[in-house]
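Below, chain A is the first sequence line, B the second, and so on; all start at residue 1. As the structure is a prediction and not an experimental result, all values here were calculated from the model.
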Amino acid sequence: MSPDTLEKAYEPHEVERRWYDFWEANGLFAAREHDAGRGYSIVIPPPNVTGVLHMGHALNNTLQDILCRYRRLRGDNVLWMPGTDHAGIATQNVVERKLAQQGTDRHALGRERFVAEVWAWREKFGGAIIHQLKRLGASCDWARERFTMDEGLSRAVRRVFVDLYDQGLIYRGLYIINWCPRCRTALADLEVEHEEVDGNLYHIRYPFPQGGGGITVATTRPETMLGDTAVAVNPEDERYRGLGAESVILPLMHREIPIIRDGYVDMSFGTGGLKVTPAHDPNDFEIARRHDLPSVKVIGDDGRMSEAAGRFAGLDRFECRNHVVRELSDAGLLEKTVPYRHKVGHCYRCKAAVEPNLSRQWFVRTQPLAEKAIAAVKEGKTRIIPESWAATYFDWLENIRDWCISRQIWWGHQIPAWTCAGCGEVAVAMEAPAVCPKCGDSRLVQEEDVLDTWFSSALWPFSTMGWPEETALLKKFYPTAVLVTGFDILFFWVARMMMMGLHFMQAVPFRDVYVHALVRDEDGQKMSKSKGNVIDPLEIIDRHGTDAFRFTLAAFAAQGRDVKMSEKRVEGYRHFINKLWNAARFALMHVDRRRELPDLKELGLADRWILARLCRATAETARALDAYRFNDAAAALYAFVWHEVCDWYLEAAKPALHGKLDDAARQRSLAVLWRVLHDTLILLHPFIPFVTEEIWHKLPGAEGSIMRAAFPADGAAAPQDPTAEAEMGVLIEVISGIRNIRGEMGIPPGMALEALVHPVTPAARTLIETQRDLVLNLARLRDIRITDSTDRPKASATSVTPGATIFVPLEGIIDFARERERLGKELAKIDKELASVAKKLQNHDFLAKAAPEIVVKVRDQQQELLDKQRKIRVNLDKIREYDSTS
RNA sequence: GGGCGGAUAGCUCAGCCGGGAGAGCGUCGGCCUUACAAGCCGAAGGUCACAGGUUCGAUCCCUGUUCCGCCUACCA
């Protein structure tokens with residue numbers, strides 16, 4: 001195969017590897033912080049080091065890559081900052097599972113060796129997702145790749161922690177937090193997934209000390225009763241006036257606990273009695289504070305009952321529930337058990353049921369930070385797109401609660417706080433202090449806990465650019481242009497980056513937040529391993545190529561709607577890639593070297609038409625991408641390439657290209673073809689980078705990488721040619737009319753026909769005369785005759801178009817019944833349209849109140865329809881006449 | 001409990017500021033026309049969920065209803 005011809009079908013795999021290597025080797029992804037040129041930056045949502053590329057990543061990164069490649073073509077100095085997230089709990093879990101397989105665990109190793117083990121794991125497997133992103137074509141500036149645990153980012157984390165602590169925005173305290181007994185760590189509220197489960201509501205009677213009676217409470221978690229320290233009723237509740245007792249006996253534990261009155265209690269729920277378990281329920285914790293009640297922690301950190309649970313100690317919490325219920329029932333204190341559907345919190349990492357637990361943890365005081373994050377969006381400093389997500393963003397930030405940031409795991413940024421063994425002073429500092437700042441004791445013990453993974457993620461837009469140093473990178477590229485993300489991490493990540501960015505950089509981290517949809521399976525189900533409906537992006541890429549896959553994602557990425565992915569759809573777009581490939585193949589059979597575009601005046605109609613359409617496609621692509629309307633851009637390009645370039649232009653240009661016309665015509669067509677292919681490749685490149693680069697290098701006169709090309713001029717700078725568009729429109733109608741007759745009348749394509757054309761205006765006559773060859777060729781006619789008479793050959797089929805009425809003589813072939821049916825069908829359509837138009841024009845209110853240009857438009861419409869109706873009727877009548885006489 | 005989104009052709013979905021309902025796939029009929037059968041030409045197919053309202057005019061704006069999906073919340 002010679003260098004300037006193409007294979008018959010596009011084979012993506014070898015091409016993709018070759019060009020990706022080429023781009024990387026030539027530094028085409030590199031940002032230049034010291035260069036002029038408008039800076040455009042995006043920071044990647046860092047995938048977990050444990051991650052493997054899934055559909056969500058594929059969509060997210062395809063959209064980012066489209067934007068980055070587009071901005072480069074527009075001449076911007078683009079930084080796409082890549083990296084990965086250490087993913088504290090997730091990664092620790094992965095390595096712990098590996099250790100379990102080896103018959104050991106982290107406690108046997110000890111902290112230091114375990115952490116070393118995780119680093120080793122990361123060295124070996126952590127790069128997988130990066131390789132996968134490269135297969136997707138992601139044009140990140142890989143030389144700058146960062147990791148949330150690397151030295152620079154860790155410094156940024158410590159700096160932020162220390163500053164927030166000094167500013168009173170980080171504190172430590174004893175509160176009810178969400179505890180995962182499986183991961184054995186605290187979780188933030190956000191990290192708890194609430195799921196509906198079928199449970200029971202147990203009604204338990206707590207008898208009075210004197211025996212008998214008592215107060216009945218209802219609970220879904222009876223095992224927590226072992227830690228009850230009061231029973232509460234509403235002070236307004238008539239049922240509990242004058243009880244004659246101020247306490248009850250806690251069953252099974254035989255502990256006397258007080259009856260308290262608190263407005264929190266909902267009188268309408270159950271019996272109006274509430275058991276109070278301060279150590280295992282956030283509301284009860286608050287009630288206990290108000291009433292100065294003690295706390296009894298009966299569930300331990302491992303999910304088993306603690307010593308405080310007396311004889312139940314050591315039982316698993318769920319096992320204990322069964323024991324408690326049985327014993328209560330035996331004691332006659334279980335009044336009833338009703339099935340109850342309620343939500344239970346689960347750990348977002350391991351799915352174990354979360355236990356609210358009293359615990360000493362570190363918190364970020366979020367409210368002051370949230371206020372600024374709200375204001376920034378309200379003031380338009382950051383736009384959220386689509387706008388509907390702003391409401392969700394505001395709602396969460398307005399009701400934000402303090403953020404529990406400490407985790408009882410080993411993999412992560414260890415909290416930079418040291419406790420003095422001598423005086424108990426807590427010192428918070430960037431580096432370990434040598435001695436206690438208060439008493440001078442050197443026995444300092446660092447806090448064991450690490451920080452929530454999302455704490456370091458919150459700093460990502462500036463920590464990756466070198467903060468807290470004042471780097472050239474920050475100066476050039478902060479704030480970033482846009483953050484592209486799924487809505488699932490709007491709170492986890494986006495809102496927190498807003499808070500931290502505003503606090504530490506005094507500027508928003510991004511001007512736009514583009515929130516894209518979720519990728520689901522073809523039935524709209526969320527993809528999950530347990531459902532077995534996961535489609536692996538890499539398998540899709542293997543089978544159909546990266547470009548087809550990317551184009552599919554872009555084409556389905558309509559704002560505010562989930563993407564339903566199925567292999568079938570990718571297949572459809574693979575056909576598109578192949579169509580482009582073959583169009584190029586055809587073009588390259590003719591185009592030999594670059595030619596200047598001749599004057600518009602010298603060009604043929606089809607040439608002028610396609611250039612005008614190219615100009616529109618360019619403007620539409622730019623408009624759509626500037627507005628994050630990826631699907632609009634993809635649809636516009638698809639339609640342009642397939643239905644305008646391939647279906648009409650290439651077909652129209654064939655005679656000239658094949659040398660059937662004069663050489664000047666051939667040269668002109670070649671120049672236009674070159675221009676159309678050249679610009680179209682650039683327009684498509686952000687979406688389908690590989691195939692466009694491959695074709696680009698076969699295109700004579702196209703220099704270097706397509707990545708360095710300039711986006712075509714759109715709008716005023718490019719040829720606007722409404723005349724060509726209108727004239728070509730008339731011809732397309734004429735040709736389609738003839739094709740319709742052929743198809744409907746069942747005439748084989750091989751049979752050459754002749755047509756008699758009656759133009760409606762002298763201009764149309766001239767047009768058809770001058771474009772005679774084009775019509776002959778595209779309508780597959782033997783001959784075309786132009787007539788001033790409306791007389792029609794006897795046995796002929798008719799097509800009425802806006803520019804001309806066409807008669808196709810079908811002597812000996814015509815099936816009169818069929819033609820009658822065809823015209824009748826068309827007439828019925830016109831009658832229907834005419835009726836609705838007439839209704840409008842008979843309406844005085846419409847004439848008086850509608851915009852004048854609309855009225856004019858409707859009048860013109862009516863005129864056209866009436867004209868067409870009249871012509872069809874005449875022909876229908878004649879057909880009837882002939883039919884009856886023949 | 002609060003909030004958000006969706007309902008348009010057989011399927012999957014576009015449809016920005018109200019003014020003659022679109023695409024892809026699928027279906028039907030005809031074609032190996034020297035770029036492409038992963039293709040070409042032609043065609044059929046819709047009460048724009050339902051009920052009201054605003055308007056000269058509503059798939060589009062407003063209200064309500066039904067169904068589906070999602071987010072969020074400390075009612076045991």
Contact class for [X] vs. all strands (heavy atom < 4.0 Å): base, sugar-phosphate, or nothing?
X: A:Val837; answer: nothing
X: A:Phe576; answer: nothing
X: A:Ala583; answer: base
X: A:Ala555; answer: nothing
X: A:Phe394; answer: nothing
X: A:Leu580; answer: nothing
X: A:Lys275; answer: nothing
X: A:His643; answer: sugar-phosphate

Rounding to the closest angstrom, what is the interatomic distance between [N] and [M] at atom [atom1]?
N: B:U12; M: B:G26; atom1: P; value: 15 Å
N: B:G24; M: B:U8; atom1: C1'; value: 15 Å
N: B:A23; M: B:G18; atom1: C1'; value: 23 Å
N: B:G15; M: B:A51; atom1: P; value: 25 Å
N: B:C16; M: B:G52; atom1: P; value: 25 Å
N: B:G45; M: B:C25; atom1: C1'; value: 14 Å
N: B:A43; M: B:C48; atom1: P; value: 24 Å
N: B:C71; M: B:A35; atom1: C1'; value: 50 Å

Original post:
Would you say the side chain of A:Lys654 and the base of B:U34 hold a donor-acceptor pair, judged only by whether the two atoms sit under 3.5 Å apart?
Top reply: no

Can you tell which of [options] lies closest to the side chain of [X]?
X: A:His194; options: B:C71, B:A73, B:A35; result: B:A73
X: A:Asp266; options: B:C75, B:A35, B:A43; result: B:C75
X: A:Arg585; options: B:U72, B:A35, B:C4; result: B:A35

Could you check how far [atom1] of [X] sits from [atom2] of [N], rounded to whole Å?
X: A:Phe586; N: B:A35; atom1: CZ; atom2: P; value: 6 Å
X: A:Asp237; N: B:C75; atom1: CG; atom2: P; value: 21 Å
X: A:Asn234; N: B:C75; atom1: CG; atom2: C1'; value: 13 Å
X: A:Tyr638; N: B:A38; atom1: OH; atom2: C1'; value: 11 Å
X: A:Glu571; N: B:C25; atom1: CD; atom2: C1'; value: 10 Å
X: A:Arg822; N: B:A44; atom1: CZ; atom2: P; value: 11 Å
X: A:Trp674; N: B:A35; atom1: CH2; atom2: P; value: 23 Å
X: A:Glu651; N: B:G39; atom1: CD; atom2: C1'; value: 11 Å

Establish, from distance only, whether the side-chain atoms of [X] and [Y] form a donor-acceptor pair under 3.5 Å.
X: A:Asn200; Y: A:Thr337; result: no
X: A:Tyr206; Y: A:Asp228; result: yes
X: A:Asp266; Y: A:Ser268; result: yes
X: A:Asp831; Y: A:Gln869; result: yes
X: A:Thr224; Y: A:Lys275; result: yes

Subject >> Working for ring-ring contact (aromatic ring centres under 6.0 Å, His included), residues A:Tyr175 and A:Phe363 >> reply: CA-CA 10 Å; A:Tyr175 296 93; A:Phe363 296 86; 5.2 Å; yes

Subject >> Check ion pair A:Arg543-A:Glu571 (N to O, under 4.0 angstrom) >> reply: no

Subject >> Range-with-range stems of RNA chain B (Watson-Crick or G-U pairs under 3.5 Å, three or more in a row) >> reply: B:1-7 with B:66-72, B:10-13 with B:22-25, B:27-31 with B:39-43, B:49-53 with B:61-65

**OP:** Starting from the C-alpha separation in whole Å, work towards a yes-or-no answer on salt bridge (charged side-chain N to carboxylate O under 4.0 Å, His left out) for A:Glu864 and A:Arg859.
**Re:** CA-CA 9 Å; A:Glu864 252 175 60; A:Arg859 283 222 166 93; over 6 Å; no

**OP:** Quick one: classify the glycosidic conformation of B:C17 as syn or anti, with syn meaning within 90° of 0.
**Re:** syn

**OP:** State, yes or no, whether a side-chain contact exists between A:Thr680 and A:Leu637 at a heavy-atom distance under 4.5 Å.
**Re:** no

**OP:** Would you kindly compare A:Tyr10 and A:Val192 by the position of their nearest RNA chain B nucleotide and give the one closer to the 5′ end?
**Re:** A:Tyr10

Original post:
When the nearest nucleotide of RNA chain B is assigned to A:Ala9 and to A:Arg401 on a heavy-atom basis, which residue is associated with the more 5' position?
Top reply: A:Ala9

Subject >> Exceeds 12 heavy-atom contacts within 6.0 angstrom, atom CD of A:Gln863 >> reply: no

Which atom pairs link the protein and nucleotides 56-58 of chain B when you take only N or O atoms and keep those under 3.5 Å?
from	atom 1	to	atom 2	distance (Å)
B:C56	OP1	A:Lys849	NZ	2.6
B:C56	O2'	A:Asn843	ND2	2.7

**OP:** I would like to know whether A:Glu744 and A:Arg822 meet salt bridge (charged side-chain N to carboxylate O under 4.0 Å, His left out); could you show each step before the answer?
**Re:** CA-CA 7 Å; A:Glu744 292 283 275; A:Arg822 199 178 67 85; 5.9 Å; no

Is [X] near enough to [N] that one of its side-chain N or O atoms lies under 4.0 angstrom from OP1 or OP2?
X: A:Arg574; N: B:C36; result: no
X: A:His342; N: B:A73; result: no
X: A:Lys829; N: B:G20; result: no

Could you write out each protein N or O paired with an N or O of nucleotides 40-42 of chain B at a distance under 3.5 Å?
from	atom 1	to	atom 2	distance (Å)
B:C40	OP1	A:Lys579	NZ	2.8
B:C40	OP1	A:Trp642	NE1	2.7
B:G42	O3'	A:Asn740	ND2	3.4

Original post:
Angle class for the A:Trp581/A:Tyr10 ring planes (parallel below 30°, perpendicular above 60°, tilted otherwise)?
Top reply: tilted

**OP:** Give the ring-plane orientation class for A:Tyr348 versus A:Phe492, where under 30° counts as parallel, over 60° as perpendicular and anything between as tilted.
**Re:** parallel

Subject >> Separation between OH of A:Tyr638 and OH of A:Tyr573, rounded to the nearest 0.5 Å >> reply: 6.5 Å

Subject >> CD on A:Glu195 to NZ on A:Lys343, rounded to 0.5 Å >> reply: 9.0 Å

